[in-house]
Amino acid sequence: MSSWLDYTINGLIVGNVYALVAVGLALIFGVSRLINFAQGSIYLVGAYIGWVAVVQLHTPLPLTIIFVAVVAALVGLIIERFGLRPLQNSVRIAPLLATIGISFVLDQLVMLTFSPNPRALPSQLPDVRFEVGGGTIGPLDLLIAGVGISSALLLFVFLRYTKLGWAVRAASQDRDAAMQMGVDVNRVNQTVFGLAAALGGVSGLLVGMYYNQIDTAMSLQATLKGVVAEVVGGAGNVPGAVIGSMLLGLVESYGVAVFGTSYRNLFAFLLLIVVLVLRPNGLFASARQAPPEPLTGTFIAPSRPVRIPRWALVVAVALFAVLPLLPVSFYVLQTLINAWLLGMLALSLTLVAGTIGQVSLGHAALLAIGAYTSALLSLTLNVPVGLAIVAGGLMSAALGTILISPSFRLRGHYVSIATLAIGEIVSLVILNWESVTRGPIGISGIPPLSLFGYDLVDPRTVYWFAFAVMVVLALVQGRLLGSHLGRSFRAIRDDDIAARAYGLSLNRYKSLAFIFGGFAAGVSGGIAAHLYSYINHETFNTQQSILALTVVILGGLGNVVGAIVGAVALVGIPEMFRIAAEYRILIYGIVLLLLVRFRPQGLLGTI
Amino acid sequence: MTTGASEPLLALTDVNTFYGQAQVHFDLSINVGRGHIVCLLGGNASGKSTTMKIILGLMKPRSGEVSFDGASLIGLTTPQIVRRGIASVPEARRLFADMSVRENILMGAFVRNDREAVAQDLDKMLTLFPKLGQRLSQRAGSLSGGEQQMVAMARALMSRPRLIVMDEPTMGLSPLYVDRVLELIRTINQEGVSVFMVEQNASLALEIAHEAYVLQTGRIVLSGSARTLKDDPRVRDAYLGGSEAA
Ligand SMILES: Nc1ncnc2c1ncn2[C@@H]1O[C@H](COP(=O)(O)OP(=O)(O)OP(=O)(O)O)[C@@H](O)[C@H]1O
Ligand SMILES: [Mg+2]
């Protein structure tokens, strides 16, 4: 047993590491009102560059740190210059999506270069520990604290006493006014991205040394932790980010002390949700107004949707319906079944993100809720599978809406953060609620699909079943969009303030959208569970949420037919070219980046 | 057009501006003569602030020409335009709220590199705006509206501009401060800085302006010397009658 002092020291050290990430996020948010989802990838790059330096180049520690900082800063500069600057005049969500795409690309590049297997990253420091009070502290702890504190001091001096630092502060308080003073905002952006990346990279290096292990899963975790710390401290508030990080480190460390390691992240995300709901501007921003986030009206790329004649749709549906009667391989059917399942998820997301404008990054959680509900009902209570799947859909609709409802008053990027966190919470609850979900072991032996007593095991019947469910959901959703309700959804998306002024109750409409979307996603998850026969807490992960987002952007946000076309394209094309699995995520990331840059309205146009 | 002293310092010629589909300016032409105070009058949403954005390069017109001192500003970035010698007092001041008053004023000298002269100019600002002396280390966001206006004007002057553009400098100020601001604009102008100001309050603006233009839903409907416009009943009809009645 470690002492409380040990947990405190551990919390503060980890807090230092988070602070290096969060301060970068805060600087970037301050200047460009952007949550940089690629920050964790830079941290990952930093860790691996550090590994190269330590293990292969045998550089001494100070040189390693400088080397990592410089390389990471270069990566940051490249991201800013080629990934984000071209998007300056696009819709507000574009840079956020671009950073997600960039993070996928960077993570995959690291994984392809270094393999996904964990590696040891020795700290190059003597492994001794000194007794302090009732706890112990080692040289690495001191190094991390030293790097954290000196970075904070350097940053303070930079912001307070240099001309460029003044420019950064001015631009983060009022970008237009700063430009009117002659501040070159591009240069400021470059500066903060370079700084943020250098700090993030060093953070990755230190974490790797602290746990003496690095692997590619670090990236998303780091982004999430950084975002939590930053939001807790108040988005864009640099000292707030430091304090938020320490708080997060301590909360996690004490949480682990009381409940065990698998609860670490749960505490982080619960803290985030609590802060988002109760103090959306952070703990210290009481007197200050909300950071300006001019999102309404420009959230979705305006476009003229491609008109597809009804007969063409009927023909397409008919063709896909008779496809299994043709001599097609099992493999093609299998691929299309996956496309239909993804299509249902995309229908759900295109409604939530496109039609009503709540860009969800945690949509896979709805799959998980539906899948677990349906699997457990059929397995433990012998509920017929068809009914269980419907129950899964209903559970997803209900639970999903309840979970997201505290965040209904959030807007723009904050919705994305909240949904991401809720997605993580769902997965962590599944992991930890062993008595119901069987925890990390997962659920195996889930009965196969069946309808009215007939087992659907033949791939053709499974195909028809999935296809039929998706078409029905699409028809209902198409109807919905044309109705008064659909118009109200879009009014809320385009200008929630005006919509409220017209007397629309935002909460009611957002609930309706999430109920319908939750049902579609839950059904998809339910079918998937019976198809896979085994699921665990990682079956439905963030990668799937992002894949779904890429699908709906590809198809055109809000566009029902587009969602399905996007799903077929993103599932089918990699299969067609037999692209190896490890390159697929890379390709999804690149597709997302290209779309955001060159065709934000997607293939079929936004509605 | 002749060159040299008679050529206007700032000229907008046939400017057409759009927000998406909505047209805001229709063949807008405005000249600001050297050493003059020129005022753009207009009611709410007539396109006054958008004119400022066009001059400062914060927005690009779809067609038309903007030139300063004989050279086109089209295609320049805002910082480049500022370096040419145009400073601004934005609508609602737009101070850097979390920076100190001193830092705000010095931000105005961002484009300059002559440290000593900047320090001297700061002292000069404190003689021009004596009240700011005691407030230098205070957060700019904590000042009163009138004080903020003073800071915004001092900030603009710190770049030693040849032209200052001001968006509704008297908005939201008490009558006492309104007089002070107008007096200061006149002082600034007498030191050789040309002024282009946007105002809703025509009677006040015409007190100090040399020329004025009246903007109505994106079109110039009247223009001329301030003296003639002051007595022109059409100013009342075209514009004063509308928004001043409230
Ligand atoms: N960012 C914007 N996007 C779309 N339309 C805008 C934008 N800014 C202004 N407009 C519209 O352009 C028109 C002119 O606006 P502008 O701000 O130039 O008016 P103004 O004369 O300064 O008004 P006020 O007296 O209220 O300051 C208005 O109809 C306004 O709604
Ligand atoms: Mg205005």
Side-chain angles (χ1 to χ4, degrees), chain A residues 26 30-31 85 88-91 156 159-190 234-240 281-282 284-292 294 296-298 300-304 494-495, chain B residues 19-21 49 52-53 55-60 76-100 102-113 115 118 139-142 148 151-152 154-161 164-167:
Chain A
V31 173
R85 200 180 299 176
Q88 258 169 11
N89 299 318
S90 1
V91 292
F156 177 81
L159 290 175
R160 179 78 37 160
Y161 298 109
T162 68
K163 205 163 173 179
L164 196 52
W166 281 37
V168 169
R169 283 162 65 211
S172 70
Q173 285 169 44
D174 192 327
R175 197 183 164 94
D176 278 0
M179 284 167 73
Q180 291 174 45
M181 300 302 120
V183 171
D184 179 347
V185 182
N186 284 334
R187 199 146 151 253
V188 168
N189 269 338
Q190 236 168 20
N237 179 345
V238 173
N281 298 329
F284 314 107
S286 54
R288 291 169 48 180
Q289 66 203 47
T296 46
T298 53
I300 189 168
S303 76
R304 228 171 276 252
D494 292 340
D495 192 341
Chain B
Y19 285 110
Q21 304 287 330
S49 297
M52 292 294 190
K53 290 189 201 166
I55 296 171
L56 291 165
L58 292 164
M59 260 182 92
K60 303 266 166 276
L76 297 188
T77 64
T78 304
Q80 286 168 333
I81 291 172
V82 173
R83 279 167 205 272
R84 293 270 168 107
I86 302 183
S88 63
V89 178
E91 189 170 19
R93 271 78 73 172
R94 305 285 286 268
L95 296 186
F96 305 111
D98 284 340
M99 294 172 86
S100 70
R102 173 198 292 275
E103 287 173 326
N104 265 278
I105 297 175
L106 288 175
M107 269 312 291
F110 189 80
V111 293
R112 295 172 55 182
N113 289 314
R115 276 169 164 260
V118 168
R139 251 185 94 244
S142 67
Q148 289 196 15
V151 177
R155 185 176 71 170
L157 284 170
M158 285 300 285
S159 66
R160 292 198 175 167
I164 291 192
V165 297
M166 302 189 183
D167 197 342

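Sequence lines set the chain letters: A, B, ... in the order given, protein chains first and strands last, and positions in each chain run from 1.
- Nearest heavy-atom pair across B:P79 and A:D184 is CG-CA, 3.9 Å.
- Listed here is the closest heavy atom pair of B:T78 and A:M179: CG2-O, 3.4 Å.
- Side chain of A:Q173 to main chain of B:D98: a donor-acceptor pair is present (N/O by atom type, distance under 3.5 Å, no hydrogens or angles).
- Across all non-hydrogen atoms, the minimal contact from B:L106 to A:W166 is CB-CZ3, 3.6 Å.
- Contacts of B:R83 with chain A are made by side-chain atoms alone, with heavy-atom separations under 4.5 Å and no backbone atom involved.
- A 4.5 Å side-chain heavy-atom check between B:M107 and A:Q180 finds every atom pair outside the cut-off.
- For the pair B:M99/A:D174, no side-chain contact is recorded, criterion being any heavy-atom separation below 4.5 Å from C-beta on.
- With a 6.0 Å radius and a threshold of 12 heavy atoms from other residues, nucleotides or ligands, A:R85 has its CZ atom above the threshold.
- Residues A:R169 and B:F96 have side chains not in contact (no heavy-atom distance under 4.5 Å, counting atoms from C-beta outward).
- In this structure, the portion of B:R112 lying under 4.5 Å from any heavy atom of chain A is its backbone and not its side chain.
- Scanning all heavy atoms of the two residues, the minimum distance from A:D176 to B:R94 falls at CB-NH2, 3.5 Å.
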